[in-house]
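As the structure is a computational prediction, the values presented were derived from the model and not from experiment.
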Amino acid sequence: MPMMNQHLSKLFDEALCHTAGVAFDAIQFFNKYRPNPSVTPQWSDKPMLKSWKKTRPILGWPRSTDSLCPECVKEARKAIFEGEKDWKDLVNTKVGEIKAQIVERNGQVWMVKDCPVHGRCEDLMAVDTKFLSWIEANFPGRDIRAHSDEHVHHHGSSTVKHGRGTVLTVDLTNRCNMMCDPCFMDANQVGFVHELSWEDITEILDNATRVKPRRQISVQFSGGEPTMHPLFIDAIRYATKCGFNTVQAATNGIEFAKSKEFCRRAFEAGLRYVYLQFDGIGNDANSHRQVGNLFDVKLRAIQNIHEAGIEVMLVTTIVNTVNDDQVGPIVKFAMENPNKITFISFQPVSFTGRDEDITPERRMRQRYTLSHLARDVSRQVGKIDPIYDWFPITMLSVFSDFADMVHGREAGWGSLSCGCHPNCGVGTALMINKQTGEWAPVPRFINLPNLVSDTQKITDAARGSKFSSILMVLALLKNYRPSEAPPSLSLVDIWRKFDKTYWTKGEDEAKKTYGSFGPERSLEDALKRRQDPWNFMFIGGMWFQDLFNYDFRRTEMCIIPYATQMGEISFCAYNTGVGWRKIIENMHKNATVAEWYRTHGKHEIFAKGKSVDLEAYEHSLKIDPMDAARVKVRASDVPATAAEEDRLRRKKAWEEAAKVRAIYEEMVLKKPQAELVQIGAAGGNGNRDTAEGDHEPSVLAAAAAGGSAGR
C-alpha cells in the first residue's frame with residue numbers, strides 16, 4: 001500500500017510539474033520585456049549585474065593564459081629573503097611570469113609553458129576533456145567586480161579583482177601539533193613562529209567588513225593548527241560580533257577530540273562549522289600522518305563537535321597513489337552518517353610548501369585533478385555520472401544573485417556567492433533521507449542547467465520579492481523530475497530545502513520556521529535546523545594551484561582569500577604563486593623557534609607514531625568494517641612524500657661521495673681496496689664461495705668502506 005501511495009504521489013507530482021512549466025513559460029513570455037533596473041543594495045556601491053553583463057575569462061582550448069615559471073619564482077623569492085631584491089617588485093613588476101598554453105592531448109587537457117631560462121614545464125589539468133568541457137560550458141559568468149577595496153587588494157598581478165569572496169581565511173598561527181606531508185604552509189619547519197596578535201586579528205576582521213561588495217562571508221580560522229592560538233575562542237567571538245554569518249575553523253580535530261568542554265565553548269563563542277582534516281576510513285588510511293590513533297581522534301572529534309551544535313565538514317587532501325582509493329569510502333561514510341556530516345570537500349593535492357621541490361616523476365605520479373575526483377566518485381560509489389552529475393561551484397552564484405535581488409536594497413550583507421573560475425571548483429549534491437538512507441544525486445531529478453537559466457531570467461527581470469518568489473517556485477517545479485527522485489521525497493521537501501537556504505519569505509520568517517542561522521544562534525536553533533529529515537549533502541572539489549599549473553585568470557577570481565597584515569591575498573597567490581605567505585610571515589614573524597621555546601616552552605607535537613591521549617573513545621558513528629580494516633599495499637622503494645624524497649636524495653649523494661672517495665683513495669693515495677663479499681645469500685650460511693671475478697662490488701658496501709676510512 002505505501003508503494004502504491006508513493007506511485008500515485010509521483011504521478012500527481014509529474015502532472016503538477018508539467019502544469020508549472022507551462023505557467024512559467026507563459027509568464028516569462030511577457031516577463032522578459034522591459035526588465036526593472038538592477039538593485040544597488042547597501043552592501044555594494046554598484047548595481048547588481050544582469051546575467052548578460054557578466055564577463056567571462058577565455059575558456060576552452062587551445063587557449064593562452066598568464067602563468068609562472070617555477071624556477072624563476074623560487075630564485076626571485078630567495079633574492080628577496082637575502083636582501084638582493086625588494087618585495088615591492090612583486091607588486092610593481094611581473095616577477096617570474098611567462099605565457100602558458102592550455103591544450104588538448106590524447107583526450108586530456110594539459111598546461112604547457114616554456115621559460116627562456118629554465119625550459120619547458122608541462123602538467124595535467126584533466127584526464128577527460130569531456131568533463132572539463134561540461135564544467136566550463138556551465139560557467140555563468142564572473143561576479144561583480146570588487147570595489148572600495150584598495151586598502152586590502154593591492155598585490156600586483158596577484159590582486160583579487162572579481163567577486164565578493166566566500167571564505168575569508170585567517171591564519172592565526174603557523175604552529176601545529178602535527179607534522180604532515182603534504183602541508184601548504186610547511187608548518188613547524190620554517191624556523192620561526194608567525195602568530196597574530198589580538199591587534200592583528202581585530203584589524204584584519206574590521207578591514208574585511210569595509211570591502212565592497214560587503215560580503216556575507218564565512219571567516220575561517222586556520223593555521224598551522226588554529227586551536228593552538230591562545231586567543232582562538234576570543235577570535236571566534238570577535239568575528240561573530242563583527243556580524244559575519246558563518247565562523248569556521250580548519251583543524252586536525254585533536255583539541256576537539258580531547259574535550260567536550262572545548263567544543264561547547266567554541267560553539268557558544270559563535271563557531272558554526274568545523275572543516276575537519278579527514279584522510280580516509282581506518283588506521284591505515286591515516287597512517288601517513290604518523291599519529292598513532294588518528295582515526296580514533298577523528299571519530300571522537302566528530303562526535304564531540306556535533307553534540308556541541310557545530311556542523312562537521314570533512315576535508316580531504318587527495319594524492320594520487322596515496323589515498324585516491326579513499327574517495328568512495330569517505331563518501332559512503334558521510335552517507336551512512338547524514339545526521340552528523342553535511343559536506344565533503346575533496347582537495348586535490350597542491351605541490352607547495354614541503355612539496356615545492358617535488359621531482360617531476362613524483363609530480364606526474366601523484367597529480368590528482370578534479371576530473372580524477374569525478375571519475376573516482378562514480379567508480380567507487382556508483383549511481384553518480386562522472387560528467388553530467390557535476391557542475392562548477394560557480395553555478396551556485398546564480399541562486400545567490402536571486403536571493404540578493406529578493407532581499408532587496410535594504411540588505412546589509414550580500415549572500416554567500418561562489419564566484420570562482422570554473423577550473424577551481426566543482427561539486428555535486430546528494431539528497432539523503434536521514435532515517436531510511438534512500439538517496440539520489442540532485443542533478444538526476446533537478447535539471448540544473450535549465451533551472452539556472454530560468455533563475456537568471458527571474459533575477460534579470462527583477463519584479464520584486466513576492467512575485468519573483470512565486471516564479472522561483474514555478475521554476476523549481478518545471479525542472480523537477482519526480483520519477484528520478486528518492487521515492488519518499490516530496491515537492492514540499494524540495495521547496496523547504498531551498499527556502500531554508502535562501503529565506504525567500506524573509507529573514508524573520510525563516511528564523512521562526514527553521515531556527516536562526518546567524519551569529520546569534522543558540523543550541524536550540526542548531527537542533528531545530530537539524531530536524532529536517534533530508535540531508536542535502538554537497539560533495540565538493542577545490543583544486544588549489546601550484547607553480548606547475550598556475551593561471552592568473554583563476555587567481556584574480558579567488559573566493560577564498562587570505563586576510564593578512566598586508567591585505568587580502570588569493571589563496572593560491574599566498575600559498576604558491578610568487579609566495580606571499582613566506583614573504584609576509586618572514587616580515588611579521590614573532591621570533592625564531594628557539595626563542596619562542598625559551599619564552600613559551602615547547603608545544604606537544606604528535607608525530608612518529610605518537611598517540612593522542614583521549615578522555616574517551618566512544619562514538620555513535622556507523623563505520624563499514626571492511627573499509628576500516630583495509631590495508632593498502634604501498635611500494636616501499638618509491639618515495640611518496642617530500643621527506644622520503646629528501647632522504648633518497650641524501651642517500652644517493654652519500655653513495656656518490658663514497659664512490660668518489662674510494663676512487664680517490666685507490667687512484668691517488670694508492671690505498672688498496674678491501675675485497676667486497678656479498679653476504680646473506682639465499683641458500684647459504686652468510687658466506688658464499690665464488691670463482692675469481694664472479695662477483696661485483698656492492699655499492700652500499702663500497703660506500704660503507706669509504707665512509708669508514710674517511711672517519
Side-chain angles (χ1 to χ4, degrees), residues 67-78 81 96 111 113 118 121-125 171 174 176 178-191 222-225 250 252 277 279-280 286-290 315-324 326 346-370 372-373 424 541-551 554-555 562 570-583 585 607 634-635 637-652:
S67 187
L68 291 167
C69 168
E71 297 306 317
C72 286
V73 166
K74 287 187 283 188
E75 289 172 1
R77 196 187 300 147
K78 181 182 178 185
F81 292 152
M111 176 179 282
K113 49 191 177 181
H118 300 102
C121 176
E122 298 186 353
D123 214 323
L124 181 67
M125 290 185 62
D171 275 356
N174 71 343
C176 188
M178 288 176 62
M179 287 282 290
C180 301
D181 275 318
C183 178
F184 277 134
M185 66 178 308
D186 204 12
N188 293 331
Q189 295 290 292
V190 293
S222 185
E225 172 53 42
N252 56 36
Q277 174 201 65
D279 288 323
N286 290 271
S287 60
H288 62 289
R289 299 286 184 184
Q290 302 183 66
V315 183
T316 306
T317 299
I318 296 290
V319 184
N320 214 8
T321 71
V322 175
N323 66 335
D324 52 305
Q326 286 295 318
F346 289 107
Q347 298 178 352
V349 63
S350 170
F351 296 117
T352 184
R354 290 176 196 150
D355 276 322
E356 195 171 71
D357 294 321
I358 187 172
T359 61
E361 295 78 18
R362 182 162 71 90
R363 174 162 56 88
M364 288 295 98
R365 183 173 69 251
Q366 293 187 340
R367 175 62 78 197
Y368 195 84
T369 69
L370 296 174
H372 283 92
L373 174 64
C424 291
M542 284 301 296
W543 189 22
F544 303 122
Q545 302 178 87
D546 48 46
L547 288 173
F548 311 100
N549 55 29
Y550 205 85
D551 185 345
R554 293 176 58 183
T555 305
Y562 275 84
S570 155
F571 187 101
C572 294
Y574 194 61
N575 286 305
T576 62
V578 293
W580 281 97
R581 174 192 287 281
K582 294 183 179 180
I583 293 165
E585 291 189 348
R634 297 174 175 85
D637 59 340
V638 179
T641 67
E644 291 175 5
E645 276 187 338
D646 185 57
R647 283 194 292 270
L648 185 61
R649 275 194 293 265
R650 284 188 279 115
K651 177 183 175 183
K652 287 183 176 179

Check whether any side-chain heavy atom of [X] lies under 4.5 Å from a side-chain heavy atom of [Y], and answer yes or no.
| X | Y | result |
| --- | --- | --- |
| Asn320 | His372 | yes |
| Ser67 | Asp551 | no |
| Arg367 | Asp123 | yes |

* Asked: How many angstroms lie between atom NE2 of His118 and atom SG of Cys72, to the nearest 0.5 angstrom?
  -> 5.0 Å

* **Atom pair CD/CG of Gln347 and Leu370 - distance to nearest 0.5 Å** =>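 Nearest 0.5 Å value for the CD-CG distance: 11.0 Å.
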
* Determine, step by step, whether Phe571 and Gln545 satisfy the side-chain contact (heavy atoms from CB on, under 4.5 Å) criterion, reporting the C-alpha distance in whole Å, the side-chain angles of both residues, the deciding distance to 0.1 Å, and the verdict. => CA-CA 9 Å; Phe571 187 101; Gln545 302 178 87; over 6 Å; no

* Counting N and O atoms only, with roles assigned by atom type, does the side chain of Gln366 sit under 3.5 Å from a partner on the main chain of Val322, one being a donor and the other an acceptor? -> no

* Asked: Donor-acceptor pair, Asp324 side chain versus Thr321 backbone, under 3.5 Å?
  -> yes

* Short side-chain donor-acceptor distance under 3.5 Å, Gln277 and Asn252 ->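 No, no side-chain donor-acceptor pair sits under 3.5 Å.
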
* Just by distance, with hydrogens left out, do Tyr562 and Ser222 show a side-chain donor and acceptor under 3.5 Å apart? -> no

* To do: Evaluate the side-chain contact (heavy atoms from CB on, under 4.5 Å) criterion for residues Ile358 and Phe548: first the C-alpha distance (whole Å), next the side-chain angles of each, then the deciding distance (0.1 Å), finally the verdict.
  => CA-CA 11 Å; Ile358 187 172; Phe548 311 100; 3.9 Å; yes

* To do: Considering non-hydrogen atoms only, spot the tightest contact between Val73 and Gly96 and give its length.
  =>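 So the two residues come closest at CG2-CA, 4.4 Å.
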
* Asked: Looking only at heavy atoms, which two atoms of Val349 and Asp546 are closest? And how far apart?
  ->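 Shortest heavy-atom contact: O-OD2, 4.4 Å.
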
* **Lys/Arg-Asp/Glu bridge criterion (N-O < 4.0 Å) met for Glu71, Lys74** => yes

* Under 4.0 Å between a Lys/Arg side-chain N and an Asp/Glu carboxylate O for Arg363 and Asp357? ->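 No, Arg363 and Asp357 are not salt-bridged.
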
* Asked: Under 6.0 Å from the six-membered ring centre of Trp580 and within 45° of its axis: does the NZ or CZ of Arg77 meet both?
  ->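 Because its charged atom misses either the 6.0 Å distance or the 45° angle limit, Arg77 does not stack over Trp580.
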
* **Step-by-step side-chain contact (heavy atoms from CB on, under 4.5 Å) determination, Phe544 to Asn575** => CA-CA 9 Å; Phe544 303 122; Asn575 286 305; over 6 Å; no

